[in-house]
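The structure appears below as structure tokens.
Proteins get letters first, then strands, A, B, ... in listed order; numbering begins at 1 in each.
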There are 2 protein chains.
Amino acid sequence: MDTDERQLTPRGEERRRQLIEFAARRFAENGYHPTSVAEIVEGLGVGKGVFYWYFDSKDELFRAILSEGQRDLRRHQRDAIAGDLTPLERVRNGVRASIEWSLEQPVLVRLFQFAATDERFAGLLRQGERIAVRDAAHQIQEAMEAGEIPCADATLLAQAMLGVHTRIVHLMATGQIEATDEIISTAVDFCVNGIRGAADRSFI
Amino acid sequence: MDTDERQLTPRGEERRRQLIEFAARRFAENGYHPTSVAEIVEGLGVGKGVFYWYFDSKDELFRAILSEGQRDLRRHQRDAIAGDLTPLERVRNGVRASIEWSLEQPVLVRLFQFAATDERFAGLLRQGERIAVRDAAHQIQEAMEAGEIPCADATLLAQAMLGVHTRIVHLMATGQIEATDEIISTAVDFCVNGIRGAADRSFI
DNA sequence: CATTCACTTGACCGATCGGTCAACAATGGG
DNA sequence: CCCATTGTTGACCGATCGGTCAAGTGAATG
């Protein structure tokens, strides 16, 4: 029987959460491959069978962690650009919210970064990225149509912003730069200026 | 005896190169941890002892790959900003050269990305990054002093540019966007506009 | 030809890996 | 109280891991 079709009681749901949270932390600290299933179940003080009651494999557990993390990030991004804002304000808020969420979720950020380097998980990661990028590109496109910024390849600019976001968050999470509001603002400004000053390369 | 103090004959040098190149390719394709030493030596058709004649451990081999890769990238960056150029031209050329080198070295790019996620190698990777960032920041600083761009945190802007570079290269290497000259130009423009339009947040 | 040292072989080692399973405990509805 | 279902145990499995080493081979030097 597939573990993801199993009917879980509240007790079961809690155990599943424990496994996901403990494993995510160990994966982030030690790496995915070097962290064994034995280590995870010992850390929770349970038998090995518990693990395979809730997950078909170690890979599937990691995919579950990824999916839930992406869903949470996505929710925060959505909330950040809600309300009555100009397109450019939406872009600014979206970038800032993503950075702030990432600073609160260093474990997931680290796992996202690893997932990008492993073929087993890269596809799943890309799915989530594509949605976020498409949305950001949509806001940029609207800013262009509103005349706030010159026309250019909106998707590419969104990807560039994601690059800035990823780098800044990585530096803050590893303690290489401080996570002050001023530095976040400078990073956000870099992004906004990057798209605002973009030369017209579109064919519109 | 430490393997890195060993005196190698030309034959030995060649074998070392074979090991580094084959292993780098396998690490990039399959991942570092999932690729075994046995797989590497079998791929080269040699006995296992050969591996441990040239390297103390699998980890040390990976570190050697990283070091040599970073040295090569560094050389290209240096060449790109040589000559009689304005600071802003230097920045532009440096970013472009880094992107182009990365497109020619997809294997190393992939390994750099993985190294950033593993504590065993993150330190070594950071060393090389710091040098590159320091140099880029130096060019940006000069552009500020020459009045080409407003004053701001030069190091942070250099890091933001590195973020754009990393993301764009990753997308091109994974086939998510085309590696056309026009797209590279848009990315470089994003970087230049990002630092050019930056608000004055310095204390100077 | 003899010596030397760089290089190579591959069987072997203990440890650990992801995953299985038969037996057993807890829970809750009837 | 019974019983079905959910949840748990931990010994066990074959495979594979990184790493070792005594025994060799190759080629250059004298």
Side-chain angles (χ1 to χ4, degrees), chain A residues 1-24 26-27 29-66 111 114 118-121, chain B residues 1-24 26-27 29-66 114-115 118-121:
Chain A
M1 193 216 266
D2 272 3
T3 55
D4 53 322
E5 292 169 6
R6 233 194 278 278
Q7 194 56 35
L8 298 182
T9 66
R11 176 188 169 200
E13 292 282 3
E14 162 141 15
R15 186 63 96 196
R16 204 183 114 97
R17 279 246 62 83
Q18 286 178 358
L19 282 163
I20 282 190
E21 267 165 38
F22 185 81
R26 296 302 300 141
F27 287 160
E29 288 166 359
N30 248 15
Y32 171 74
H33 293 293
T35 301
S36 66
V37 174
E39 186 184 332
I40 293 169
V41 294
E42 276 161 27
L44 255 58
V46 297
K48 212 174 196 178
V50 169
F51 185 97
Y52 290 96
W53 176 258
Y54 294 97
F55 302 98
D56 281 329
S57 65
K58 197 182 154 188
D59 277 23
E60 201 217 278
L61 162 64
F62 191 79
R63 280 190 208 101
I65 294 172
L66 275 190
L111 299 185
F114 165 74
D118 195 308
E119 287 297 346
R120 292 172 193 74
F121 313 117
Chain B
M1 192 215 270
D2 271 2
T3 55
D4 54 321
E5 293 169 6
R6 234 193 277 280
Q7 194 56 37
L8 297 182
T9 65
R11 177 189 167 197
E13 292 283 5
E14 161 141 16
R15 186 65 93 198
R16 205 183 114 99
R17 278 245 65 80
Q18 286 178 0
L19 282 164
I20 282 190
E21 266 164 38
F22 186 80
R26 296 303 300 142
F27 287 159
E29 288 166 358
N30 248 20
Y32 171 74
H33 293 294
T35 301
S36 67
V37 174
E39 186 184 332
I40 293 169
V41 295
E42 276 160 27
L44 256 56
V46 297
K48 212 174 195 180
V50 168
F51 186 97
Y52 290 95
W53 175 259
Y54 295 98
F55 303 99
D56 281 328
S57 65
K58 198 183 154 188
D59 277 22
E60 201 217 281
L61 162 63
F62 192 79
R63 275 188 270 269
I65 293 172
L66 275 190
F114 165 75
D118 195 309
E119 288 296 346
R120 292 173 193 74
F121 312 118

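When rounded to the nearest whole Å, the span between CD of B/E13 and C1' of C/dC7 equals 13 Å. Here the P atom of nucleotide C/dC17 and the CG atom of A/D59 are 15 Å apart, to the nearest Å. Rounded to whole Å, atom P of D/dG18 lies 12 Å from atom NE2 of A/H33. Whole-Å rounding puts the B/R17 CZ to C/dC7 P distance at 15 Å. Note: CD (B/E14) to P (C/dA6) measures 18 Å, nearest angstrom. Atom CZ of A/F51 is separated from atom P of C/dC21 by 17 Å (rounded to the nearest Å). A straight line from CD of B/Q18 to P of C/dC7 spans 13 Å, rounded to a whole angstrom. As a whole-Å value, the separation of A/R16 CZ from D/dG7 P is 12 Å.
Closest contact between the side chain of B/L8 and the listed nucleotides D/dT9, C/dC17, C/dC7 involves C/dC7. Side chain of B/K58, nearest nucleotide from C/dG19, C/dC7, D/dG18: D/dG18. Residue A/W53 has its side chain nearest to D/dT6 when only D/dT6, C/dT8, D/dC17 are considered. When the nucleotides C/dT9, D/dT8, D/dG19 are ranked by their closest atom to the side chain of A/R11, D/dT8 comes out on top. Side-chain proximity of A/Q7 to D/dT6, D/dG26, C/dG18: nearest is D/dT6.
B/R120 and B/R63 get closest at one heavy-atom pair: O-NH1, 3.1 Å. In terms of heavy-atom proximity, A/Y52 sits nearest to A/T3 at O-CG2, 3.8 Å.
Within the 4.0 angstrom heavy-atom criterion, base atoms lie near A/V50.
Taking 3.5 Å as the limit, the base of D/dG19 and the side chain of B/K48 contain a donor-acceptor pair of atoms between them.
B/E14 pairs in a side-chain contact (heavy atoms from CB on, under 4.5 Å) with only one of the listed residues (B/R17, B/R11, B/Q18), which is B/Q18. Each of B/K48, B/K58, B/R26 was checked for a salt bridge (charged side-chain N to carboxylate O under 4.0 Å, His left out) with B/E39, and the lone residue meeting it is B/R26.
Taking side-chain N and O atoms only, A/S36 has a distance below 4.0 Å to OP1 or OP2 of C/dC17. For the pair B/Y54 and C/dA6, the criterion of a side-chain N or O lying under 4.0 Å from OP1 or OP2 is not met. Applying the 4.0 Å criterion to OP1 and OP2 of C/dC7, one finds that B/T9 has a side-chain N or O inside that range. For the pair B/R15 and C/dT8, the criterion of a side-chain N or O lying under 4.0 Å from OP1 or OP2 is met.
Here A/F114 and A/F27 keep their ring centres 6.0 angstrom or further from each other.
Comparing B/G12 and A/Y52 by the nucleotide of DNA chain C whose heavy atom lies nearest to each, the residue mapping closer to the 5' end is B/G12.
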